[in-house]
There are 2 protein chains.
Amino acid sequence: MTTPPSGLRERKKQATREALREAALRLAVERGPDQVRVEDIAAAAGVSPRTYNNYFASREQAIVSAVTADREARIAAAVAARPAGVRLADAVTEAVVAQYTNTGERAHKALLLITTQTALRDAFLDTTAGIEPPLTAVIAERLGDAGARTARVLAASVAAAVRIALEGWLRPPGNAEATEDFAAGGLVVPSGSLPDQLRTALAPLAPAFDAAEQRTQP
Amino acid sequence: MTTPPSGLRERKKQATREALREAALRLAVERGPDQVRVEDIAAAAGVSPRTYNNYFASREQAIVSAVTADREARIAAAVAARPAGVRLADAVTEAVVAQYTNTGERAHKALLLITTQTALRDAFLDTTAGIEPPLTAVIAERLGDAGARTARVLAASVAAAVRIALEGWLRPPGNAEATEDFAAGGLVVPSGSLPDQLRTALAPLAPAFDAAEQRTQP
DNA sequence: CAGTAAAAGTGCGTGCACGCAAGTTTGCGC
DNA sequence: GCGCAAACTTGCGTGCACGCACTTTTACTG
């Protein structure tokens, strides 16, 4: 499973993908993100522009993917690695927190770049949707076949919560964008650390996890 | 609040928006969805192509918006209309179900069209994200200022659940697309009625709503 | 009833995503 | 090895989204 079927073809594909990722990020950092055309990225990776588009559906995706990389696979593994004894809600929360906390130095620098542009910011937030399928799989494993639907909903909810946490985190606190239509009582906590944001956002979902879990193991 | 500030300017804008909506849907039905260019929609609505793009960010959005229209506003109203006595979870569930059930004849025909094309299907599913802000507002009202964050997460979870329900509903049952990586035990219920799908998808979130609600009214 | 500021509409130009139909490489069975 | 089939790459063409600068329309004020 970890080694799909075969070898040389797949290696080349991954190599190309990574070359594109790295080229996109490097160029975006060197010049501004606006000054990087698809043509440049493709050239830097040694492929045609058309091929570039076989790997990434948008310019933003390429840049962002250098940071997100294989986060999806690692999240699934992280959840599965937790012992079966702990609450499912805790297992998921900690797995998610771990994945978004252990960002390397390079990732942190890249995030600064991402914050500067709305399009990049959105692309980055969209990657949270990618954790949904693996999360669904691992949650479903815990809930049994009867809870497949529930697993899907919970996984999607987690992804949504993570997105909210990230949004709140990388929002420039001084940004006067307001909270759109209804600014509550102004009691919005500006932005704590990312782990805090994640835990806070995931906390409301814990009861749903508990209920689902108890239905299978009374 | 129901009458924003003033009148003539806003009326024209809405008129143009509706003209574009209707033109997009009509043309998409008459010819295939693929045979409709932005230029045509704009012409049919009596505006320039450039203006069309000031209203809709994609061709699919224009077509789909004819069906989704002002669903967002109605959902908020529907939740607010429920008496304060009922469980918040039930209020939200029923409000959502009602909104997606009372689709008229026209909407139903349009949905058939939407199903035929992946791009349209995706655009339609993306509109569920639009119910998040109003839902957040009305849920936050119930939970009080302390639960603003929680309201946001719950609203996003509801939107995600609705999306899943819709996905399962308008998926051609015979579609051998498989469930991607892990096909559970083959126990996937093909597709019940839409209200059933919605209730089933929202059910797992009820405990989270209950917990949030009880925290404010012990 | 101007005169002016703001907002919506428009033309133009640029870069991009993607379908299609080649050409090229890789993998596999004989 | 050999050739065939599937997978990957690439060039081309089309339609599209959107920034920018400019014109036209709407709203407000002296």
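Side chains included, hydrogens not; waters and symmetry mates left out as well; all remaining heavy atoms used. Convention: sequence-line order gives letters A, B, ...; per-chain numbering from 1. Computed from a prediction, not measured in an experiment: that's the story for all the values here.
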Worksheet item: In residues 52-66 of chain B, what residues come within less than 4.0 Å of DNA chain C, judged by heavy atoms?
Response: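 DNA chain C contact set from residues 52-66 of chain B: B/Asn54, B/Tyr55.
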
Discussion item. Does anything in residues 30-43 of chain A come within less than 4.0 Å of DNA chain C? Heavy atoms only, and list the residues if so.
Written reply: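 When residues 30-43 of chain A is checked for heavy atoms under 4.0 Å from DNA chain C, the hits, listed by number, are A/Val36, A/Arg37, A/Val38.
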
Discussion item. Among residues at least two apart in sequence or on other chains, which ones pass side chain to side chain contact (heavy atoms under 4.5 Å, CB included) with A/Ala76?
Written reply: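 Per chain and number, A/Ala76 pairs via side chain to side chain contact (heavy atoms under 4.5 Å, CB included) with A/Pro134.
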
Fill in: Set of side chain to side chain contact (heavy atoms under 4.5 Å, CB included) partners for A/Ala161, sequence neighbours left out
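A/Ala161: side chain to side chain contact (heavy atoms under 4.5 Å, CB included) contacts with A/Ala201, A/Leu202, A/Leu205, B/Val153.
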
Nearest whole Å is fine: how far is [N] [atom2] from [X] [atom1]?
{"X": "A/Leu20", "N": "C/dC16", "atom1": "CG", "atom2": "C1'", "result": "15 Å"}
{"X": "A/Arg11", "N": "C/dG27", "atom1": "CZ", "atom2": "C1'", "result": "16 Å"}
{"X": "A/Gln14", "N": "D/dC8", "atom1": "CD", "atom2": "C1'", "result": "13 Å"}

Worksheet item: Quick one: does A/Arg50 reach the base of D/dG11 with a side-chain donor-acceptor pair under 3.5 Å?
Response: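 Per atom types, the contact qualifies.
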
Worksheet item: Does the D/dA7 base have a donor-acceptor partner in the side chain of A/Arg9 within less than 3.5 Å?
Response: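 Pair found.
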
Practice prompt. Count the heavy atoms of every other residue, nucleotide or ligand shown that sit under 6.0 Å from CD of A/Glu141, and state whether that count exceeds 12.
Written response: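 No, because the 6.0 Å sphere around CD of A/Glu141 holds 12 heavy atoms or fewer from other groups.
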
Discussion item. Tell me whether A/Arg121 is salt-bridged to A/Glu60, with the criterion being a basic N under 4.0 Å from an acidic carboxylate O.
Written reply: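 No.
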
Worksheet item: Given B/Gln99, which of B/Glu72, B/Glu94, B/Arg74 fulfils the side-chain hydrogen bond (donor to acceptor under 3.5 Å, both in side chains) condition?
Response: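 Per the side-chain hydrogen bond (donor to acceptor under 3.5 Å, both in side chains) rule, the option paired with B/Gln99 is B/Arg74, out of B/Glu72, B/Glu94, B/Arg74.
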
Verify the contact: side-chain N or O of [X] to OP1 or OP2 of [N], cut-off strictly under 4.0 Å; return yes or no.
{"X": "A/Thr51", "N": "D/dC8", "result": "no"}
{"X": "A/Lys12", "N": "D/dC8", "result": "no"}
{"X": "A/Lys13", "N": "D/dC8", "result": "yes"}

Worksheet item: Donor-acceptor pair, B/Arg71 side chain versus B/Gly130 backbone, under 3.5 Å?
Response: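 Checked: no pair found.
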
Anything under 3.5 Å between a donor and an acceptor, one on a side chain of residues 39-50 of chain B, the other on a protein residue two or more places apart or in another chain? List them.
residue : atom : partner : partner atom : Å
B/Asp40 : OD2  : B/Arg31 : NH1          : 3.2
B/Asp40 : OD2  : B/Arg37 : N            : 3.1
B/Ser48 : OG   : B/Arg50 : N            : 3.3
B/Ser48 : OG   : B/Thr51 : N            : 3.1
B/Ser48 : OG   : B/Thr51 : OG1          : 3.3
B/Arg50 : NH1  : B/Asn54 : OD1          : 2.9

Which atom pairs, donor and acceptor, lie under 3.5 Å between side-chain atoms of residues 15-26 of chain B and protein residues at least two apart or in another chain?
residue : atom : partner : partner atom : Å
B/Thr16 : OG1  : B/Lys12 : O            : 2.9
B/Arg26 : NH1  : B/Glu30 : OE2          : 3.1

Fill in: Heavy-atom closest contact (A/Leu194 atom, A/Tyr100 atom, distance)
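The pair with the smallest heavy-atom distance is CD2-O, 3.4 Å.
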
